[in-house]
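First comes the structure, then the notes that go with it.
Throughout, a chain's letter reflects where its sequence line sits, starting with A, and its residues are numbered from 1.
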Amino acid sequence: MTELRRSLLEWYGRQGRDLPWRHQSDPYAIWVSEIMLQQTQVKTVIPYYQRWLDRFPTIKDLAIADLQTVLKAWEGLGYYARARNLHKAAGQIVRDYNGVFPQRLDEVLTLAGIGRTTAGGILSAAFNQPWSILDGNVKRVLSRLVALPVPPKKAIEQLWQLSDTLIDPQHPRDFNQALMDLGAIVCTRSRPSCDRCPWMPYCQAYSQGMQAQLPMRESSPPLPHKRIGVAVIRNDEGLILIDRRPANGLLGGLWEFPGGKIEPNETVEDCIRREILEEIGIDIEVEDHLISIDHAYTHFRVTLIVHYCRYLGGEPKPIQCEEVRWVTLEEIDRFPFPKANTKIIEALRQNN
DNA sequence: CACTCGTGGGG
DNA sequence: TCCCCAAGAGT
């Protein structure tokens, strides 16, 4: 056990990554990094990270910020509940802890968006507390270390126990970071570099020649596909109608061009006309096709079929959304949009 | 507890 | 082109 820890920490000292949040001692800055890194690769997070800290330097700055501003800063990162929860938790900390990030595990776990892995990550990185972690990297490393004979999802508690047992009580911060770096650099999911791994002598997957087959994965059913009719509605002044999605759920709180699912035996034009009447309560005429966009979410795929539309009449009302608004193409950038919709905005710009 | 929740990149 | 999945949490 001692040699296992020592060899990993020695490797980390030589080969560990230099990442922006590792220069931070402010628990807030570390917390932000942990949330951004949930299910998101380091390379994706980096351009967002410093920008976020510049815009919201302290917990109080984040707490008093408007949610729309927060979502705009998060735009493009995905899993927008993370941004909503970050904003909510900042309010919790200001209210319950006088704006100071708590240092007890049970308190940290009450904060929105922080579960067991993120709590352990923050407390070990910020305060060098000996809480273990179990993220994607650690699951893969440990699955190979013990040659786990089942998919990780079916052995979560066993893996937590292993992470608890392994963590170095003398160097919890460096140990957790080292374990994640090992997964990210050496014990990668494809073509792991076992010849450069400090744990090669202890790895059961390696000794069995099974490192390429582990961790085991479970088959997933094919994703459903939806066709969505989308409207770019323009009025006589050339303004464009956008709506804000419900606060929770898919893309919650973001803005979009209105539309909806094309039913069987329904034309795109009929769908768009129907959806706009149901959602916003106005009459439109569906005109030229603008663009079609294929986009894959985690649990389904969509094809957005986008048409220009002309506003005919009726008062726009937020029936199945939170808010509707007429905007110009110039001011539309101030609103947070999902990625698939920013492609529509690009197409609009190119047509002008 | 199985399902929901984005986006980008690798193979 | 298609599948997989990445510093997971909430319900």
Legend entry - Residue of the set Glu256(A), Glu279(A), Glu323(A) for which salt bridge (Lys or Arg N to Asp or Glu O under 4.0 Å) holds with Arg244(A): Glu323(A)
Legend entry - Per Gln41(A) side chain, nearest of listed nucleotides dG8(B), dC3(C), dG8(C): dG8(B)
Legend entry - N or O in side chain of Gln39(A) less than 4.0 angstrom from dG8(C) OP1/OP2: yes
Legend entry - Trp74(A) and Trp52(A) aromatic ring geometry - parallel, tilted or perpendicular at 30°/60° bounds: perpendicular
Inset, instruction - Sticking with atom P, work out how far dC3(B) lies from dC4(C), rounded to a whole angstrom. - result: 16 Å
Inset, instruction - Would you state whether a donor and an acceptor, one from the side chain of Thr40(A) and one from the base of dG6(B), lie under 3.5 Å apart? - result: yes
Legend entry - No-H, no-angle donor-acceptor pair, Thr298(A) side chain to dG6(B) base, under 3.5 Å: yes
Inset, instruction - Mind checking Ile114(A) for me? I need base, sugar-phosphate or nothing, with any heavy atom below 4.0 Å counting as a touch. - result: sugar-phosphate
Legend entry - Gap between atoms CG and P, on Leu77(A) and dA6(C) respectively (whole Å): 17 Å
Inset, instruction - Indicate, with a heavy-atom threshold strictly under 4.0 Å, whether Gly76(A) touches base, sugar-phosphate, or nothing. - result: sugar-phosphate
Inset, instruction - Take the protein atom CH2 of Trp74(A) and the nucleotide atom C1' of dC5(B), then report the distance between them rounded to whole Å. - result: 13 Å
Legend entry - Gap between atoms CZ and P, on Phe300(A) and dT7(B) respectively (whole Å): 10 Å
Inset, instruction - Would you tell me if any nitrogen or oxygen in the side chain of Arg189(A) comes within less than 4.0 Å of OP1 or OP2 on dG9(B)? - result: no
Legend entry - Lys88(A) NZ - dT11(C) P separation (whole Å): 7 Å
Legend entry - Arg234(A) charged N/C atom sitting above Tyr308(A) aromatic ring, 6.0 Å / 45°: yes
Inset, instruction - Mark yes when over 12 heavy atoms from residues, nucleotides or ligands other than Arg173(A) sit less than 6.0 Å from its CZ; otherwise mark no. - result: yes
Inset, instruction - Could you check whether Ala112(A) gets within reach of a base, just the sugar-phosphate, or nothing at all, counting any heavy atom under 4.0 Å? - result: sugar-phosphate
Inset, instruction - Using a heavy-atom cut-off of under 4.0 Å over every strand shown, decide if Glu218(A) touches base, sugar-phosphate, or nothing. - result: nothing
Inset, instruction - Measure the distance from OH on Tyr297(A) to P on dC3(C) and round it to the nearest whole Å. - result: 18 Å
Inset, instruction - Measure from the side-chain heavy atoms of Asn85(A) and tell me the nearest of dG6(B), dG10(C), dT7(B). - result: dG10(C)
Inset, instruction - Could you check which of dT4(B), dG8(C), dG6(B) has an atom nearest any side-chain atom of Gln38(A)? - result: dG8(C)
Inset, instruction - Would you indicate whether Trp131(A), at its atom CH2, is surrounded by more than 12 heavy atoms from other residues, nucleotides or ligands within a distance under 6.0 Å? - result: no
Legend entry - Residue Arg217(A), side-chain heavy atoms: nucleotide from dC3(C), dG10(C), dC5(C) that is nearest: dC5(C)
Legend entry - Given DNA chain B, 5'-ward residue of the pair His299(A) and Leu254(A), judged by closest heavy atom: His299(A)
Legend entry - Whole-Å gap separating C1' (dT7(B)) and CZ (Arg301(A)): 13 Å
Inset, instruction - Tell me what Pro222(A) touches on the nucleic acid: a base, only sugar-phosphate, or nothing, going by heavy atoms under 4.0 Å. - result: nothing
Inset, instruction - Could you check how far CZ of Arg84(A) sits from P of dT11(C), rounded to whole Å? - result: 10 Å
Inset, instruction - State whether His295(A) places a side-chain N or O below 4.0 Å from either non-bridging phosphate oxygen (OP1 or OP2) of dG6(B). - result: no
Legend entry - Lys43(A) vs dG8(B): side-chain N/O to OP1/OP2 distance below 4.0 Å: no
Inset, instruction - Establish, with yes or no, whether the OP1 or OP2 oxygen of dG9(B) is under 4.0 angstrom from a side-chain nitrogen or oxygen of Thr44(A). - result: no
Inset, instruction - Taking only the side-chain heavy atoms of Leu251(A) (C-beta and beyond), determine which of dG6(B), dG11(B), dA9(C) contains the nearest atom. - result: dG6(B)
Legend entry - CZ/Arg17(A): more than 12 non-hydrogen atoms of other groups inside 6.0 Å: yes
Inset, instruction - Please tell me which of the listed nucleotides, dA6(C), dA9(C), dT7(B), lies nearest to the side chain of Lys339(A)? - result: dT7(B)
Inset, instruction - Check every atom of dG6(B), dA6(C), dT4(B) against the side chain of Arg140(A) and return the nucleotide holding the closest atom. - result: dA6(C)
Legend entry - Atom pair distance, as rounded to whole Å: CG in Leu182(A) and C1' in dA6(C): 16 Å
Inset, instruction - Report which part of the nucleic acid Ile122(A) touches: base, sugar-phosphate, or nothing (heavy-atom distance under 4.0 Å, all strands). - result: nothing
Legend entry - Sugar-phosphate, base or nothing in reach of Gly113(A), heavy atoms under 4.0 Å: sugar-phosphate
Inset, instruction - Give Arg245(A) one of three labels, base, sugar-phosphate or nothing, depending on what nucleic acid heavy atoms sit under 4.0 Å from its own. - result: nothing
Inset, instruction - Would you indicate whether Gln161(A), at its atom CD, is surrounded by more than 12 heavy atoms from other residues, nucleotides or ligands within a distance under 6.0 Å? - result: no
